[in-house]
Q: 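Can you keep this structure in mind? I'll have questions shortly.
Order of listing sets the numbers, starting from 1, for every ligand and every atom in it. Quick note: numbers below take in every heavy atom, side chains included, and nothing from hydrogens, waters or symmetry partners.
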Amino acid sequence: MARKDVYSLCGMCTVRCPIMVEVEDGAVRFIQGNPKDAGMRGALCPRGAAGYALTQDSERPQYPMIREGARGEGKWRRVAWDEAFAHVAEKLKAIMTEHGPQSVLWSDRGGPFVDLHQAFMRGIGSPNYCNHDASCARNVQHAALSVSGSGRKDFIYDYKNAKHIVLQTRNIFEAINVKEVNGVLDSLDNGGVLSVIDVRATVSASKAQNFFMIRPGTDYAFNLAVLNELIATKQYNAAYVDRHVNNFDALKKFVEPYTPEWAEGETGVAASALRKFVKQLVQAAPAVIWHPGWMVARYSDSFYVSRTAYLINALLGSIGAKGGLAVTNTPKDVGRKGLKKFVDLFEKPAIPRADGAGSVLKHIDAGPGLVHKAYEAMVSGQPYPVKAYIIHRHDPLMAMPDPDAIRQAWDTLDLIVATTFTWSDSAWYADVILPMSPYLERDSIIAGGSGLKPTIFYRARAIEPRYDTKADWEIICGLAKALGVEKLAFDSLEALHEYQLQDTGVTRADFEKSGQVALCDKPVYKDMAEFKFKTPSGKLEIINEKWEGMGLPSLKPYESPARPEGEDAFRIAFGRCALHTQGHTVNNSLLSQKMSENTLWLNTARAKALGVNDGDTVRIQGGNGKKVEGTIKAYVTDFIHPEAAFMIHGFGHKLPPESRAFNKGVADQEFMIGGLKKEDAAGGGLSLQEHFVKVSKM
Ligand SMILES: Nc1nc2c(c(=O)[nH]1)N[C@H]1C(S)=C(S)[C@@H](COP(=O)(O)OP(=O)(O)OC[C@H]3O[C@@H](n4cnc5c(=O)[nH]c(N)nc54)[C@H](O)[C@@H]3O)O[C@H]1N2
Ligand SMILES: Nc1nc2c(c(=O)[nH]1)N[C@H]1C(S)=C(S)[C@@H](COP(=O)(O)OP(=O)(O)OC[C@H]3O[C@@H](n4cnc5c(=O)[nH]c(N)nc54)[C@H](O)[C@@H]3O)O[C@H]1N2
Ligand code: SF4
Ligand SMILES: [Mo]
């Protein structure tokens, strides 16, 4: 019997943990976290463990398809890959001839492999590469840029060495990144303190010494009071502030009115508890991580919540510290050369982006832009027509608010292409489906290259594709070839890897031992005495001129969020659970057995007033004037704030091929009518929790 271990990367969520796959006679016997990776130590999360069920699933797109009926009708014609590539190329060429290459939009899920996607877009001459992040971490990204001049990933959460970890809007034990979970557990084992600020008690809260159940949408008040207390009592790290913070006096003056007593009226957290908490932070500083958030596309002030989180870290001296938000190293920082990029094969298109990022919206990162603004361009035709859309590993109809408004925008398009490995609402609405092989069946370009210990890695194919599906690189290079973008028409993985590795001193054989190659021996911490941030002052900026120039204050006065009006009204809140990934695992045969539908978390006293008991089926209504309804089981608990109605995102699928997920649970995004227009203008993130629903007993 032929048995082998394949070092690869998990693909059940966006984290892409290193794994080791045991393969016997072409079948997967076992998947575990890569035991040779010090951060993984063999561990996997439940979704990673259920990965083989994805490969075995026959309820996924199995071959390329071209739409026959109307959009969304579900009538498809099976085609061969050559025909699919030729069809897409012919349509794209016609659209680009008529409207210019800028009329083509791409969106994807971001992550380590996007170099090839961006290169493809450059290759055809369009600036309109977007990722999903307007509905995820854009507010954090811009908060990081506005404070430090660097993006959020230029800082590493050094959990393992932290003495106090604060999770604000971050549920690390259920919204999982395995290495991060291991790091937090190490910190706790070493006597570290965990504090959780959330609207409900999560698994993370159950492991915390401090749990603050905050009124939804008042985190900015909480953070302003923490800054106030640190400054008023002179507990902040004055030497660090002196060396690394610009315009500190402006902050000092701004936070004066925001006392812990004032915040108590907003957040519901006692002033005395906040003061005690601040003392604990100071004791642990600088080995403190106040997490600036991950999924914070939630409120119209989420950018400011995240920004103040960075400022609290700064006042504790933890930005750049061991056990804090350590500064990432690039290969150059450790004396090495990094991967050669595919985008460098092409000139950057000179034309501005359709979403305005980097041009009209000077403060918005022009790398991935803001995809919902590109949808606006579809409708208005301004600044120019957008006529074709390639949706790669992205399900905007599930991941963005107000699906009907999105469909209307897409109805203006001449071509929608979806590359995906499961059915999704967006793929179902597409004109062409280019099915990808699930991760165990596909390989990838090399990625990585920065970190405390910069490391490069790639996804190796563990088994052969079960159906007529392809890897990302095969699809992108195939399309490039059909379009005549010769420089990107690589025809083998070896050729792609050799291009990438040419300057690095690393060969393909070096990956055989553990699936990854570290570019230095051990984690390297920057010497902060010498360090300059990438801002005009070289320091962390309390006042950012770019944002000020756009009329967006760096220090925004607090505005109290609306309270739900009426006995039956609640603010929508949502999040993740350990058993599912976004909207794409609910039809997985193993995971759907463990959790087949979502529930609606309601506070006990509020539920009682509505006559709702735990386990009752309730009607949920909303839609900002438009009628949207659903039925869902209530989970009645003391451990959620009375103003919030919480559900796990990703359920409520209604696609015929998905027998296990069909009509199970409720989709939160459907209640967010008008949501494409609600955003934090300073951070670019959508404000997905600025919506209310009504709940009644059935
Ligand atoms: N199992 C699993 N893990 C995942 C994913 C997945 O789908 N499944 N997805 C990955 C991705 S893409 C991301 S972005 C991350 C997301 O990681 P997180 O951002 O940590 O995940 P969420 O569950 O969305 O949100 C965290 C918490 O915010 C709380 N919350 C809601 N409103 C408020 C509020 O007003 N104030 C405060 N303080 N808290 C509030 C929610 O109750 C929730 O517990 O997870 C990643 N890991
Ligand atoms: N209302 C509401 N909206 C949300 C959220 C929420 O909690 N509530 N969460 C937000 C967050 S944090 C995020 S990150 C986004 C996530 O939004 P998306 O990235 O759109 O979500 P996913 O379900 O992870 O993946 C989308 C599609 O990509 C396909 N796919 C997954 N992996 C691969 C792959 O490796 N290759 C290919 N080709 N396809 C793949 C899946 O089959 C799925 O159809 O949604 C955001 N939107
Ligand atoms: S967190 Fe879980 S699902 Fe995500 S990549 Fe890691 S093991 Fe896979
Ligand atoms: Mo996300």
Side-chain angles (χ1 to χ4, degrees), residues 11-16 45-47 54 60-61 107-111 113 131-137 140 167-177 180 196-205 212-219 222 267 291 293-299 302 305 391-401 418-427 434-439 442 444 459 469 471-472 475 561 571-586 601 640-641 643-644 646-650 667-672 675 686 688-689 691:
M12 290 296 281
C13 88
T14 188
V15 172
R16 301 167 178 93
C45 88
R47 299 161 296 149
L54 168 64
R60 59 178 167 97
S107 76
D108 64 31
R109 181 51 185 287
F113 304 119
N131 73 16
H132 73 297
D133 212 34
S135 63
C136 182
V140 193
L167 300 178
Q168 179 172 41
T169 327
R170 174 82 183 94
N171 179 14
I172 209 163
F173 287 104
E174 291 174 274
I176 299 173
N177 169 324
E180 292 195 352
V196 169
I197 308 164
D198 202 302
V199 297
R200 63 188 181 112
T202 58
V203 171
S204 307
F212 302 112
M213 191 157 82
I214 195 171
R215 176 160 94 87
T218 63
D219 292 83
F222 191 91
T267 62
H291 200 292
W294 188 351
M295 197 307 174
V296 292
R298 292 185 195 264
Y299 297 106
S302 289
V305 177
I391 315 174
H392 183 98
R393 194 206 182 295
H394 188 197
D395 182 7
L397 291 173
M398 173 75 52
M400 313 274 293
T419 61
T420 182
F421 62 48
T422 60
W423 279 111
S424 69
D425 290 351
S426 305
L434 303 177
M436 273 194 36
S437 308
Y439 67 101
R442 71 176 195 260
S444 77
R459 175 175 281 139
T469 57
D472 327 33
I475 295 178
R571 185 183 281 274
I572 291 185
F574 54 76
R576 268 132 278 290
C577 63
L579 286 164
H580 284 291
T581 302
Q582 308 292 354
H584 79 78
T585 57
V586 291
W601 289 47
I640 180 163
H641 193 279
E643 288 186 12
F646 173 93
M647 65 179 107
I648 299 293
H649 172 64
D668 56 339
Q669 75 277 6
E670 287 179 3
F671 295 89
M672 301 171 184
L686 289 160
L688 302 180
Q689 287 191 182
H691 297 268

Q: Between the side chain of Arg109 and the main-chain N/O of Arg393, is any donor-acceptor distance below 3.5 Å?
A: no
Q: With heavy-atom distances below 4.0 Å as the criterion, list the atoms of ligand 1 near Gly217.
A: 35 (O)
Q: Give the numbers and elements of all ligand 1 atoms closer than 4.0 Å to a heavy atom of Pro216.
A: 35 (O)
Q: Do any nitrogen or oxygen atoms of Ile214 lie less than 3.5 angstrom from nitrogen or oxygen atoms of ligand 1?
A: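 N/O-N/O distance under 3.5 Å: no.
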Q: Is it true that Tyr299 lies under 4.0 Å from ligand 1, counting heavy atoms only?
A: yes
Q: Testing the basics here: between Phe646 and Phe574, what is the closest heavy-atom pair and its distance to 0.1 Å?
A: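 Between these two residues, the closest heavy atoms are CE1-C, 3.1 Å.
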Q: Between Arg571 (side chain) and Gln689 (backbone), is there a donor-acceptor pair under 3.5 Å?
A: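 Side chain of Arg571 to backbone of Gln689, a donor-acceptor pair under 3.5 Å: yes, one is there.
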Q: Looking at residues at least two apart in the chain, or sitting in another chain, which of them share a side chain to side chain donor-acceptor pair (under 3.5 Å) with Ser107?
A: Tyr389, His394
Q: For Ile197, is at least one N or O under 3.5 Å away from an N or O on ligand 1?
A: yes
Q: For Gln669, check side chain to side chain donor-acceptor pair (under 3.5 Å) against everything at least two apart and list the hits.
A: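 None.
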Q: Taking only non-hydrogen atoms of Arg215, do any sit less than 4.0 angstrom from ligand 1?
A: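 Under 4.0 Å: no for Arg215.
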Q: Any donor-acceptor pair under 3.5 Å linking the side chain of Ser437 with the backbone of Arg442?
A: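 The answer is no, because no donor-acceptor pair under 3.5 Å joins these two groups.
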Q: Donor-acceptor pair, distance only, cut-off 3.5 Å: does the side chain of Glu180 make one with the backbone of Ile172?
A: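 Side chain of Glu180 to backbone of Ile172, a donor-acceptor pair under 3.5 Å: no, none is there.
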Q: Any atom of ligand 1 sitting under 4.0 Å from a heavy atom of Cys577?
A: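 Flag set, Cys577 near ligand 1.
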Q: For ligand 1, is any non-hydrogen atom under 4.0 Å from Thr202's backbone (N, CA, C, O), its side chain (CB onward), both, or neither?
A: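 Side chain only; the backbone of Thr202 stays clear of ligand 1.
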Q: Between Val140 and Trp294, what is the shortest heavy-atom contact and its length?
A: CG2-O, 3.8 Å
Q: Any idea how Phe212 and Phe222 line up, ring-wise: parallel (<30°), tilted (30 to 60°), or perpendicular (>60°)?
A: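 Correct class here is tilted.
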Q: May I ask you to list the atoms of ligand 1 that are less than 4.0 angstrom from any heavy atom of Phe646?
A: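 So the atoms of ligand 1 that pass are 42 (O).
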Q: Looking at residues at least two apart in the chain, or sitting in another chain, which of them share a ring-ring contact (aromatic ring centres under 6.0 Å, His included) with His392?
A: Trp106, His117
Q: Got the residues with a heavy atom under 4.0 Å of ligand 2, by chain and number?
A: Arg109, His132, Ser135, Cys136, Met295, Arg393, His394, Asp395, Ala399, Thr419, Thr420, Phe421, Thr422, Ser424, Met436, Arg442, Phe574, Arg576, Gln582, Gly583, His584, His649, Asp668, Gln669, Met672, Leu688
Q: Evaluate Gln168 for polar contact with ligand 1, using N/O atom pairs at a separation under 3.5 Å.
A: no
Q: Need the ligand 1 atom indices (1-based, order shown) with element for anything under 4.0 Å from a heavy-atom of Ala578.
A: 1 (N)
Q: List every atom of ligand 1 that sits less than 4.0 Å from any heavy atom of Arg200, numbering the atoms from 1 in the order shown and giving each element.
A: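 In order of number, 41 (C), 42 (O), 43 (C), 44 (O).
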Q: Which heavy atom in Arg576 sits nearest to a heavy atom in Asn171, and how many Å separate them?
A: O-ND2, 4.3 Å
Q: Work out which heavy atom in Ser135 is nearest to a heavy atom in Met400; give both atom names and the distance.
A: OG-SD, 4.0 Å
